[in-house]
Amino acid sequence: MGSVYGTSFLNAFVDGSQIVLVARDGSGRRTLSRVPAEWVSYFRTADLPSELQRDLLRSSHVLAARREGPWLRVSWRSREAREWICQDRASPVVAQGVPTYEGDVDPVRRWLTDSPCTIARPRLVYLDIETDSRVPFSRKEEMRVLAWTLVEPGGKKVHAVLRADTDAGERDLLRQLWAELAAYDCVVAWNGGDPIKREGFDFPVIVARTDYVGGITVDPREWLWLDHLPLFKRMNMHAAESGAEKRSFKLQSIAMAVVGEGKDDFDASRTWEAWEADGAERLRMQRYNIKDTDLLRRIEEKTGYIGLFFTICEVCKLFPQTQSLHPTRQMDGFLLRLGQERGHHFPTRIFRDGSAVTEQFEGALVMEPKVLDAEWRARRQMVTGILREVHVADFASLYPSIMITMNMGAETKVAGAPVQGPIPEGLCRAPITGVSFSTREQSILAFAVEELIRLRKVWGDKKASLPPGTPEWYDADRRSMAYKVCANSFYGVTGSPFSRYFDASVAESVTQTGVWLLKLTSAEAEKRGWEVIYADTDSIFTVGCTREDFAKFVEWCNTDLYPRAIREQGCTVNKIKLAYEKAFDRLLFTAGKRYVGRYSHYKGKAATADSKPEIKGLEYKRGDVSLLAVQLQERVMKMILDGEERLAAYEAVILRDRAHVLEEPLTLEEIVKSQALSKPLKEYGPQPGKDPTPEGAHVRVAKVLLERGQDVGEGTRVEFVVTDASVSPMHVIPAEDFDGTCDRYYVWDTLVWPATERLLSCAFPSGGPGGGGWESYGRVRPQRKSPLRGGAGEGQGALWGPPVPAANRLTGTPTVPAALPKPLVVELHEARLAPPSGLEKVKAVLARFPGTRPVHLRLVLATGAVALLTTSVRVQPSPALDAALAPFRAA
DNA sequence: ACCTATCTGATGGCTG
DNA sequence: CAGCCATCAGAT
């Protein structure tokens with residue numbers, strides 16, 4: 001088939017015994033060509049006993065066989081024949097334990113791997129349809145299509161609406177749609193799903209309706225169907241700045257978060273009525289449809305995710321359709337091709353049943369943040385938990401670098417090499433696991449990852465050489481990013497039992513070499529008298545040194561420490577590189593993987609007043625917490641980072657929000673919780689052969705929504721409101737049923753306050769104003785149920801619950817850890833601290849009496865109330881200090 | 001059908 | 001029935 005070699009293809013699919021290849025000719029016309037579909041498996045001839053080889057070659061199931069170096073390439077007559085030979089226990093190949101290679105690769109992948117063709121950039125179009133709203137979602141194939149819109153990336157729109165509520169009318173509408181689609185190759189829709197598998201919405205509906213109305217000759221396989229929703233999710237999860245883009249994946253919510261565009265004023269659950277009403281109503285529905293479609297285009301304009309995905313597909317030789325989003329497919333595309341070029345083949349992927357126990361392996365090192373330990377703080381005389389001037393270094397692309405440096409790969413792994421002691425010539429050994437790899441020939445994995453990193457740099461350099469913002473600059477940027485995405489995902493695929501590259505000992509050697517490097521680096525930093533206060537996977541956080549010290553240290557690690565240590569493991573190359581990434585001016589941990597900090601510099605560039613803080617793991621970043629919780633946490637976070645030390649200032653913010661939660665009307669968006677269904681709804685609840693597990697609130701709500709005919713498939717985010725958490729299981733309602741009633745005590749005690757309490761009790765561990773513990777702001781639920789609930793106050797539930805009992809204000813046991821030195825308490829009078837510099841004057845006085853005890857300043861306000869100000873100053877109490885403070889003392 | 005580590009909250013059994 | 005504990009699910 002010389003005519004199709006070396007060209008570019010848009011799509012391909014198996015049709016009987018042939019592959020149909022889709023391309024476009026010079027004038028842009030779509031062309032179809034056919035090549036034979038091959039069901040291939042490889043053997044190593046050395047593995048095949050001669051008798052078995054003879055039998056194989058004579059078998060009627062074999063279409064063709066040829067030698068390729070040490071390999072035997074066998075083309076089977078059918079998929080079933082190949083499956084039996086490679087996977088069935090009764091087959092002589094499996095019975096004799098002869099390994100097979102790539103015996104699961106489908107004909108399209110095989111052809112793409114073997115031919116030097118490239119992936120063409122498809123013509124992209126966005127699609128959205130409106131359907132009959134009277135039909136429940138569970139019968140989506142029975143919904144009549146009322147309108148459709150296509151939008152091009154450039155903004156050009158085509159729209160059509162049903163002319164008559166008849167099958168003939170719908171046939172015309174769909175015929176028009178397919179005629180327009182002929183100009184495009186890749187169709188993008190939000191929750192479009194899969195046209196064949198009945199998943200999602202738009203794609204299966206138009207295919208099912210086309211079948212139903214009849215008379216339209218079209219093969220949907222000629223198009224690439226790409227679901228924008230999972231694509232956005234996958235690309236955005238790591239990139240999202242806050243939880244706003246994770247809360248709901250409805251098009252309207254994402255559009256709001258990304259392009260800042262609100263809903264069109266139209267009730268989507270009444271499309272039928274709008275169509276039937278004709279006139280202005282119908283026009284509104286049409287406008288709504290057009291606008292929704294255009295939102296897809298605008299989301300892509302902002303994010304560039306589809307463009308990046310197209311580039312990833314080009315790099316990995318995949319067609320840009322929904323299935324190609326899976327990293328296993330991406331790595332398969334890249335590595336099968338690379339193996340072919342280098343005369344190497346990979347094991348047949350065995351389909352294990354779900355119940356099989358998969359091999360687990362150890363992961364990365366995560367240190368408990370030292371600052372959370374009260375004794376540690378006491379030793380360092382820290383009154384607050386806020387760290388200052390913390391230097392952070394991290395390894396550049398740690399896992400890819402390790403894979404290259406240790407030449408890791410299933411085929412370079414050496415069985416039976418010594419786990420400790422001297423390392424034999426020609427081997428290198430991963431520390432901790434003791435797994436050895438040959439250094440004589442580069443592994444495919446190492447080569448692949450090195451190639452990806454090299455190409456990333458090529459395009460990164462190219463980008464730097466181009467005028468920013470030009471199409472070429474964007475293209476180079478996307479390519480550089482695509483190579484990075486691939487390089488980073490390869491370790492994960494190696495650790496996945498569903499991948500043909502799965503090897504737990506290789507994956508574990510990757511993670512444990514990381515652990516070893518981190519510990520090595522940490523030990524060296526501590527030898528210099530600095531303290532490593534936190535480390536996670538590929539980064540270390542250090543205090544006690546200057547910027548110059550730390551920069552020099554990182555340099556020394558790269559030029560001295562690592563080259564030496566790596567050589568000692570027998571490696572012949574070294575790609576390990578540490579970088580001084582940033583320093584935090586202020587940094588607050590609440591737990592491992594949870595912190596917020598403000599930079600003093602980032603890669604040497606000094607931070608400015610508007611530099612955004614770095615937030616990791618906190619509720620602020622999560623999509624499942626209520627908005628009120630996020631807002632309070634955000635405010636308090638900013639205050640902490642701004643250096644606010646007057647606890648009374650925090651109290652004001654807390655009490656204001658608490659009063660709002662307990663006493664004022666609350667909006668749905670402030671309190672709604674959102675959780676995803678991680679599996680199909682049917683799989684919740686008691687499962688045969690498994691212990692019964694309690695049903696989560698979101699599952700109970702999802703079942704109600706299902707009853708109402710809504711789409712609640714796997715991955716759907718369910719929004720709900722808790723109406724009574726004082727009973728078990730707690731009472732919940734779908735968000736759409738919210739009428740202003742909710743359990744306010746639950747909202748404060750569980751949803752809102754704990755997230756902020758954790759911040760404050762880590763920042764100011766000795767407690768809130770007046771020395772009470774921060775926990776005293778919580779526990780607002782009265783001991784007994786409000787008499788208003790259920791009885792006389794019918795219909796109000798907890799909505800108008802009683803105000804917070806006075807007993808719950810600022811009481812509780814102080815939480816000063818016993819190990820901390822007792823602070824010296826100095827009472828000051830507000831009037832004597834006249835701004836602007838009153839407090840500074842007091843601090844200046846304190847600074848003249850350096851010592852070992854922390855000071856708490858109690859400020860007596862004009863109203864008689866007392867506020868507590870913590871200081872970072874420590875003093876030696878003395879009569880002289882007493883005298884110096886006298887002018888500021890309270891009467 | 002990409003890994004592990006970690007944290008948080010819901011739930012239900014057990015205990016005093 | 002509050003508090004402790006183990007277990008599970010979900011999120012990062």
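We name chains A, B, ... by the order of the sequence lines, and we start the count at 1 in each one.
Ser489(A) comes within 4.0 angstrom of a nucleotide base, judged by non-hydrogen atoms across all strands. Contacts of Ala591(A) with the nucleic acid, taken as non-hydrogen atoms under 4.0 Å apart, involve only primed sugar atoms and P, OP1 or OP2. The residue Pro327(A) sits close to a base: some heavy atom pair falls under 4.0 Å. In this structure, Gly495(A) reaches the sugar-phosphate backbone alone: every heavy-atom distance under 4.0 Å involves primed, P, OP1 or OP2 atoms, never a base. Residue contacts shown for Gly696(A) are absent, as no nucleic acid heavy atom lies under 4.0 Å away. Using a 4.0 Å heavy-atom distance criterion, Tyr501(A) is classed as making no nucleic acid contact. Nucleic acid contact class of Phe490(A) (heavy atoms, under 4.0 Å, all strands): none. Counting any heavy atom pair closer than 4.0 Å across all strands shown, Met730(A) reaches sugar-phosphate atoms only and no base atom.
Taking the charged nitrogens against the carboxylate oxygens, Asp624(A) and Lys246(A) have no contact shorter than 4.0 Å, which rules out a salt bridge. For Lys250(A) and Glu719(A), the salt-bridge test passes: some basic side-chain N is under 4.0 Å from an acidic carboxylate O.
Residues Tyr746(A) and Asp724(A) bring no donor and acceptor atom of their side chains to less than 3.5 Å of each other. Glu368(A) and Tyr534(A) are not linked by any side-chain donor-acceptor pair at a separation below 3.5 angstrom, with hydrogens and angles left out of the test. Side-chain contact of Glu614(A) with Tyr599(A): a donor-acceptor pair under 3.5 Å is present, judged by distance alone. Between Ser674(A) and Ser248(A), the side chains place no donor N or O within less than 3.5 Å of an acceptor N or O (distance only, hydrogens not considered). In this structure, a donor-acceptor pair under 3.5 Å is present between the side chains of Lys413(A) and Ser505(A).
Two residues, Lys673(A) and Tyr399(A), neighbour DNA chain B, and the one matched to the more 5' nucleotide by heavy-atom proximity is Tyr399(A). Of the two residues near DNA chain B, Glu368(A) and Thr511(A), the one whose nearest nucleotide lies more 5' is Thr511(A).
For Tyr399(A) and Phe490(A), the distance between ring centers is not under 6.0 angstrom.
Summarising the geometry, the separation between CG on Asp503(A) and P on dC3(B) is reported as 15 Å, rounded to the nearest angstrom. Rounded to whole angstrom, the span from the CG atom of Asp538(A) across to the P atom of dT4(B) amounts to 17 Å. The nearest whole Å value for the distance from the CZ atom in Phe720(A) to the C1' atom in dA10(B) is 10 Å. Distance CG (Leu759(A)) to P (dT8(B)): 11 Å, rounded to an integer number of Å. Per the geometry, CG belonging to Leu365(A) stands 11 Å off P belonging to dA5(B), to the nearest Å. In this structure, Arg781(A) atom CZ and dA2(C) atom C1' are separated by 14 Å, rounded to whole Å. Leu335(A) has its CG atom 15 Å from the P atom of dC2(B), to the nearest Å. When the C1' atom of dG9(B) is taken as reference, atom CD of Glu695(A) falls 17 Å away, rounded to whole Å.
Proximity of Arg758(A) to the phosphate of dT8(B): a side-chain N or O atom is located under 4.0 Å from OP1 or OP2. Distances shorter than 4.0 Å separate none of the side-chain N or O atoms of Thr750(A) from OP1 or OP2 on dG9(B).
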Identify each atom pair where a protein N or O and an N or O of nucleotides 9-12 of chain C are less than 3.5 Å apart, giving names and distance.
from	atom 1	to	atom 2	distance (Å)
dG10(C)	OP1	Tyr684(A)	OH	2.7
dG10(C)	OP1	His698(A)	NE2	2.7
dG10(C)	OP2	Ser678(A)	OG	2.0
dA11(C)	OP1	Ala676(A)	N	3.1
dA11(C)	OP1	Arg717(A)	NH2	3.0
dA11(C)	O4'	Arg622(A)	NH2	3.1
dT12(C)	OP1	Lys621(A)	O	3.3
dT12(C)	OP1	Gly623(A)	N	3.0

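Of the candidates dT4(B), dC2(B), dT6(B), the closest approach to any side-chain atom of Ser496(A) belongs to dC2(B).
The separation of dA6(C) from dT4(B), taken at their P atoms, amounts to 24 Å, rounded to a whole angstrom.
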